[in-house]
Amino acid sequence: MLEYFLGSYIITIFGLTMAYFWGEHVHCGSGLTCVFIAIVLGILEVSLSFDNAVVNAMKLEKMTHAWRHRFLTWGIVIAVFGMRFLFPLLVVSIFAQISMSDVARIAISDSNQYAHYLHLTHAPIVSFGGMFLIMLFLNYFFNHEKDVHWIKPIENWLSHLDHLRGIEIVISLIMLLITQNFVAEDYKLHVTLAGICGIITYLLIDGFTHFLEKHEQMRMDSCQLKTASYTGLVSFIYLELIDASFSLDGVLGAFALSKDIIIITIGLAIGAMFVRSLTIMLVEKKTLAKFLYLEHGAHWAIGALACLMLVSTVREVPEVITGLIGLAFIVAAFISSIIHNKKMEKLLAVKDPENA
């Protein structure tokens, strides 16, 4: 376990130390409070991202060791400074129509004003992430070639819907149309456009990934190396977008605990690092192969999270509900997998008692 989480422990110690000194710098005597908040934010990020780790592990299993390493190194930089620091600044800059430098200054010097701006952009942000995750959820279950089902009556029925070409896009657009109908008039256009952008982004990345994976099978050595490199890059981008969509709710919800963007970034960075370490462990220990339904539980959690993100465009959804629902699906799938494994062991013992 230590080999997988050593980097996470180092980042945690470094991050909490920085949180203490930053707290003392902002207000003398508040260092320990900032450390506590950073710890809570880290735990919150991990609890919200178990399903994210499972989905990431699915993609990483198909990637080379080099790209797995890049996901853990380059990816964490993108996840922390890109999604949890720069992305909120960019969104506020676009909607508030002020420069990035001014937004950064406001975020550091006037946390209440920054939180106010970010609250105003909440609906379009979660609309984008929600529609991206809805597409991910539907494309996983709308697959007639998938012969392993966890919730069999529902999943078996869903698997045959892919015979209706483009049905996942139609369902996603209907959900978006229903959502924007309940949103305040001033946000309808922004929510609709953001949601459509989420769908288009998923289609572009997923389509390009499949295109490159198909051509990677070609036996022409010169093309094969180049294509494999491109496939790793596109899969890496795909993983970062999935991670980004998962993190949107956590970034916005973090302001309920603290309005200091530095402390929020430190806390979420600690959580993000543990999630990535967990992902690498799932891949290298072949955990998904050992627990058959874990992948299914993760995608049901994704569907639930996406729906809650759309609901949050209209009314606030507590982070504890989001985290518990996702965790419940993962735990249920894990237990079901253990039960399935025991049944297989008993069946093997009956058929071949000597080897059992």
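Keep in mind that what you see is a predicted model, and the values were worked out from it rather than measured.
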Report the hydrophobic cluster partners of Leu189, with the cluster defined as I, L, V, M, F, W, Y residues connected by side-chain heavy atoms closer than 4.5 angstrom, directly or transitively. Leu193
Side chain to side chain, Ile264 and Leu41, heavy atoms closer than 4.5 Å: yes
Do the non-hydrogen side-chain atoms of Tyr117 and Thr121 ever get within less than 4.5 Å of each other? no
Grouping I, L, V, M, F, W and Y whenever their side-chain heavy atoms are under 4.5 Å apart, do Met18 and Ile13 come out in a common cluster? no
Testing the 3.5 Å rule here: is there a donor-acceptor pair between the side chains of Ser127 and Thr313? no
Might you work through the ring-ring contact (aromatic ring centres under 6.0 Å, His included) test for Tyr20 and Phe36, ending with a clear yes or no? CA-CA 9 Å; Tyr20 175 82; Phe36 175 74; over 10 Å; no
Which is it for Ile151 and Asn156 under the side chain to side chain contact (heavy atoms under 4.5 Å, CB included) test, yes or no, and what are the steps along the way? CA-CA 8 Å; Ile151 309 176; Asn156 184 49; over 6 Å; no
Okay, side chain of His122, backbone of Ser312: is any donor-acceptor separation there less than 3.5 Å? yes
Taking all non-hydrogen atoms of both residues, which atom of Asn139 and which atom of Glu168 are closest, and how far apart? ND2-CG, 3.7 Å
By side-chain contact (heavy atoms from CB on, under 4.5 Å) - contacts of Lys343 (at least two apart): Ile339
How long is the straight-line distance from CD1 of Ile263 back to CD1 of Ile37, given to the nearest 0.5 Å? 7.0 Å
Keeping the roles fixed (side chain from Lys188, backbone from Asn181), state whether a donor-acceptor pair exists under 3.5 Å. yes
State, with a plain yes or no, whether a side-chain heavy atom of Ser101 is found less than 4.5 Å away from one of Arg105. no
Say you draw a straight line from CE of Met131 to OG of Ser172; how long is it, rounded to the nearest 0.5 Å? 4.5 Å
If you compare all heavy atoms of Ser30 against all heavy atoms of Gly23, which two are closest, and at what distance to 0.1 Å? OG-O, 2.7 Å
Do the rings of His296 and Tyr293 sit parallel, tilted or perpendicular, given the 30° and 60° boundaries? perpendicular
Mind checking whether Leu204 and Tyr202 sit in one hydrophobic cluster, side chains of I, L, V, M, F, W, Y counted as touching below 4.5 Å? yes
Quick one: does Asn143's side chain have a donor or acceptor within less than 3.5 Å of a partner on Asp162's backbone? no
Would you give the length of the straight line joining atom CG of Leu173 to atom CE of Met135, rounded to the nearest 0.5 angstrom? 8.5 Å
Non-hydrogen side-chain atoms of Tyr140 and Lys146 separated by less than 4.5 Å: yes
Would you check if Val126 and Leu310 make a side-chain contact, meaning some heavy-atom pair closer than 4.5 Å? no
Using 30° and 60° as the class limits, which term best fits the ring planes of Phe128 and Phe132: parallel, tilted or perpendicular? parallel
Spacing of CG belonging to Leu294 relative to CD1 belonging to Ile335, to within rounding of 0.5 Å: 11.5 Å
Given side chain to side chain donor-acceptor pair (under 3.5 Å), test Tyr187 with Gln180 step by step and report yes or no. CA-CA 8 Å; Tyr187 294 99; Gln180 67 86 33; over 6 Å; no
In short, Leu282 meets Ala57 closest at the heavy-atom pair CB-CB, 3.9 Å
Measuring only between side-chain heavy atoms, which start at C-beta, is Leu203 closer than 4.5 Å to Ile169? yes
Over all atoms of both residues, closest heavy-atom pair of Ile261 and Tyr114: CD1-OH, 3.7 Å
Leu305 side chain near Ile325 side chain, heavy-atom distance below 4.5 Å: no
Would you compute the distance between atom CD1 of Ile280 and atom CZ of Phe5 and round it to the nearest 0.5 angstrom? 10.5 Å
Once you round to the nearest 0.5 Å, how far does NE2 of His149 lie from CZ of Phe141? 10.0 Å
What's the shortest heavy-atom distance between Cys307 and Ile134, and which atoms? SG-CD1, 4.3 Å
Side chains of Ile98 and Ile106: closer than 4.5 Å at any heavy-atom pair? yes
Taking the six-membered ring for Trp, are Phe291 and His340 ring centroids under 6.0 Å apart? no
Taking all atoms of both residues into account, what is the closest heavy-atom pair of Ser277 and Ser8, and its distance? OG-OG, 2.6 Å
